[in-house]
Every structure is written in structure tokens, then in C-alpha cells.
*Asks:* 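My questions will all concern the structure given below.
Index from 1, following the sequence. All ligand and atom numbering here is 1-based and tracks the order in the structure. Please read these numbers as outputs of a predicted model, since none were measured by experiment.
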Amino acid sequence: MSVDLQNPEVVIRERRLGSIVAFSGTGAELVEKSRGQRLECQANRFNQCGDCSGQRAMLPISQIQDTVMINHGPVGCAGDFGLFNWQFRRGLTFRGERPRDIGAISTNLTERDIVYGGAEKLAKTIREAHGRYKPRAIFVASSCASGIIGDDIEEVVNGMELELGIPVVGVYCEGFKSKIWTTGFDAAYHGIVRKLVKGPVEIDKKTVNIMGFTSLKTFDPLLGLLGLKPRYLVHQATLEEIGQMSQALASSHICETLGTYLARALEQEYGVPELRAPPPFGQDWTDQWLRELGRLAGLEEKAEEVIASERKRIEPELNEIREKLAGLRVWTLAGAAFGHNLASIASDLGLKVIGMLAFHHDQTFDNDYEEINSLKNCLGKVGSVNRYAVCNKQPYQLVNLLNEAKPDLVLARHGYLPTVPAKMGIPSYFVPETNQHIGYDGLLFAGRKILKVLRGGNFVKNIASRAKLPYTDWWRNSDPFYFRETSHGL
Ligand code: SF4
């Protein structure tokens, strides 16, 4: 499905990519059933916790320098502002800049506004934001409440844009709109491409767009090997960097789940190609990534030289790590495609991937290129995965899946989940910063960290001996997918 920039709203992932939040089977079955998008998006009848796609829309738009983000909703929807602020300050330090706070305001919709409408309050808040922060652009993110009462946010932002003379960008992803929380990322990118990306003024064949979560500069040395440089997007980027996305050799990302909508939009609108290779996690995928960049830049021979010399450079330490990790059985827990990156790293470190849990699954990607079929690439790398579960982060399901598999180690992205295996006495490595794990050095970095986690095995055993999980024997003996919507005819 093409990206429709005439429509202010993004098409949700369930419709665009056939995304799902529940599946239990093998990795090969999931690849097979995803062809032609044959799987339905079923929900659980019981959820212990949830996530809001509106929050995921607010994250990227809160991270752009010299802008303000307004959430048009009740103040409770602004609960993640503190987290966004922490991420922005931390990201600026990665860029070598002075940490600063984000500009973020809630319109604080009340019951009265729900009855009489909140458009006037939104206009007043945009003026307030303009006066208070003097931003160069303003984002307005919708919420469940503003969506339900039908406030015409687009009319307000277009009017304010004329009044203030700066871009005012509507980002539409009410929390109830999609079961797939990453629809929020797409909504943010949709608004950014509609209003902030400028047409190319020169051909920049030395710069690669990198869509990620921070601007930690690990792509600098890796791309530097080919004489190229990264443009980190969109977190902590300047408005100039955002505007120049249309001028690049290619677009790549730290994970297909995060980046393919923006990459597709740039390819469709400006002809910037999406890199047709898996992201550079693990040795083999980094080889493929550099090779494809070399092809696009006309540097095929140089790429082969770099790959050979980098492999040689890391070989002694990599072999040592592999010897220590050989035969250990691992599970990954991560948001869809990033779990495949973790599996690629695990496999290159000599670990055996026995199971994977993805928080959702996209049956296709926006650019439906076989080379970026993340799950297929992953299985091609790690072999068959007999237990592949798609589960929207529910700890009660995770407990039963891990009880059944009894892995030696868990690799996880998303902070609170590693506490579950820890309470079960299973060591887990949490990946807080994706960019640290890219390329050849990222592989060694992951290996060293995993060895350190394993050395602390007694620590999790102690935790397990004192922790009591709140599940009954009935649940512990039940199918982890017992509460799936269509089970038991309900
Ligand atoms: S947008 Fe909806 S789901 Fe998200 S925090 Fe607000 S009320 Fe909750």
C-alpha cells in the first residue's frame, strides 16, 4: 500500500501490514501464513497490561530539537512526558550537546471540554506554546478523548500555521485506534514527511539516513569505513536534518518495525532507496549491510576489503566468546523485528535460539522487498525456531512460555520484561541502547555483556528463591494462549 500524504492520518498497521498480536507456532509456520496476509489480528480476552499507540506517536515528535509537542487530551495521557524528557536529554549528550528539556504541553481536556469541544482550548494552547518556547515547529498529537469527541484538529493546526508562520503538524494516533502500538511511530513519521521534509536541493551520495531511537554515534565509525556518514533520525535531530532526509544515498534503520514506513515514504516521494539488507546486527548481517551500501555507492571492492579486514580484526575475541557461550539455549523477547536482530547476534555468538517472543508481527512491510523480510532473514540465519510466540507483552503468558522452554538465557528489549525471567531464576540481558549493538564492535559488546550477566547467575537464583509469582497452579498448567479471543468459541 502506498503512503498517502494527502490524507492527514496514517492507515493503521492492522490494515496496512496485516499486523497481529497473537500467534503460537513455529517460525516457519508464521512466515508461511504471513504470505498473502492470511492471519487475523486476534486479541486476548484478558490483558494484564497494555500499551498506547498514542504514546508511541508522541515519542518521536517530542525528540526533535527546537520544537514543541502538544498532546490534545486529558492530562493523564501526558504520563510519559517525563520519560520523553529523559530520552531527549540523554540523546543530546550522545550527540555531544548540552542536555536540554523538551517542550511539551497537555491541553488538559476536562469533562466540560468533552461536552462542549476542545478546539478553542487547543488553539489557545498552541499560542501559549509559541509564546513560551519560541519553537520553530509545533506538533499536535491527538488522544482517545479528542478523537471520540471529534475535535477537528486538522482545521485548528492549519489555521494556526497561517497565524504563526511556522509549521504546525497534526499527528493522529488516538490510543484506541490500533491494537498495534507501533502504529504510533508511523503516525509521527507521516506528519513529519507531510510537513517538515523538504524537496532535495542537491544529491548527497555520502549520507545514509538511519532511523533509530537515539543518536548514539556508533554508525559513524561503521559508515566511515566506506567514507560515508550517518544522519541520525528522528530522535534529537535538528529541523535542518529532518528537512534534508530527502537528500541521501539510502535509508536504513535499526529495525524494520520502526523504520520501514518512513523509508517507504522517502523512497516513494523523493527516490531515496531503502537499503535492501537486514540491519547490521551480528557479523553476517553487517557484511550484507555493508555490501549493499557498497553496491549503491559504487564501492563494491572497498566493501569487500572492509568486511574481510573487520572480520579478521574481531576474530580472536569473537572465538573466545563463542567458546564460552557454546551450546547455551536462548530466548528473545522484543518488539517484533528487533527480536530478529537479537537472534542474529545470539547466533553469531554461538548461542542456540530455541524460542522467540515478539510483541506483535507485521505480515509484510511497507516496502514489500524480500530482502527486508525480517523473520525470513532471521530463520535463514538461526535455523528453525520451534516456539515462536506473538504476544502483546503479557507477563502471564511469558511465565508459561519460559516454564515450558527452560532456556539458559533471555535476551530482552523493553525494561520491565527481564524481571519476569529473573524471578524464575533465568539470567537475562536487557538491551537498553540499540546502537551499542550494531556492527562488528556491537557484536563483541553484546558478547562481553552476556558473559557478565552469566557470571551473575547466583544473583538471579537468589532472586528466584525469594520471589513469588502470583500465578495459580491452574494457570501454570494452562496453554499460554488460553485467553486468545477465538479460543473456546468465545
Ligand atoms: S490516548 Fe487513550 S490509551 Fe493512550 S493514554 Fe490517553 S486515554 Fe490512554
*Asks:* Could you confirm whether Cys52 has any N/O/S atom lying under 2.8 Å from atom 4 (Fe) of ligand 1?
*Replies:*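 Yes, since at least one N, O or S atom of Cys52 sits under 2.8 Å from atom 4 (Fe) of ligand 1.
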*Asks:* Look at atom 1 (S) of ligand 1 and say which protein heavy atom is nearest, naming residue and atom and giving the distance to 0.1 Å.
*Replies:* Cys144 N, 3.5 Å
*Asks:* List every atom of ligand 1 that sits less than 4.0 Å from any heavy atom of Gln55, numbering the atoms from 1 in the order shown and giving each element.
*Replies:*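 Matching atoms, with element in brackets: 5 (S).
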*Asks:* If you measure from each non-hydrogen atom of Glu174 to ligand 1, which part falls under 4.0 Å: side chain, backbone, both or neither?
*Replies:* neither
*Asks:* Do the side-chain N and O atoms of Glu97 and Gln236 include a donor-acceptor pair separated by under 3.5 angstrom?
*Replies:*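 No, no side-chain donor-acceptor pair sits under 3.5 Å.
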*Asks:* Kindly state if atom 8 (Fe) of ligand 1 has a protein heavy atom within a strict 4.0 Å cut-off, that is, under 4.0 Å?
*Replies:*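 Protein heavy atoms within 4.0 Å of atom 8 (Fe) of ligand 1 - there are none.
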*Asks:* Note the single closest protein heavy atom to atom 6 (Fe) of ligand 1, along with its residue, its atom name and the distance in Å.
*Replies:* Cys77 SG, 2.2 Å
*Asks:* Exactly one of Phe94, Phe84, Phe185, Phe338 should register a ring pair (Phe, Tyr, Trp, His ring centres under 6.0 Å) with Phe213. Which one does?
*Replies:*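 Of all the options given, the one that passes is Phe185.
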*Asks:* Flag the pair Tyr396 / Phe46 as yes when their ring centroid distance falls below 6.0 Å, and as no otherwise.
*Replies:*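 When the ring centroids of Tyr396 and Phe46 are compared, they turn out to be within the sub-6.0 Å range.
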*Asks:* Around atom NZ of Lys406, are there more than 12 heavy atoms of other residues, nucleotides or ligands at under 6.0 Å?
*Replies:*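 Above 12, so yes.
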*Asks:* Go through it in stages, so that I can follow the logic: the residues are Asp80 and Arg56, the test is salt bridge (Lys or Arg N to Asp or Glu O under 4.0 Å), and I'd like the CA-CA distance, side-chain angles, deciding distance and then a yes or no.
*Replies:* CA-CA 10 Å; Asp80 273 0; Arg56 298 312 118 210; 3.6 Å; yes
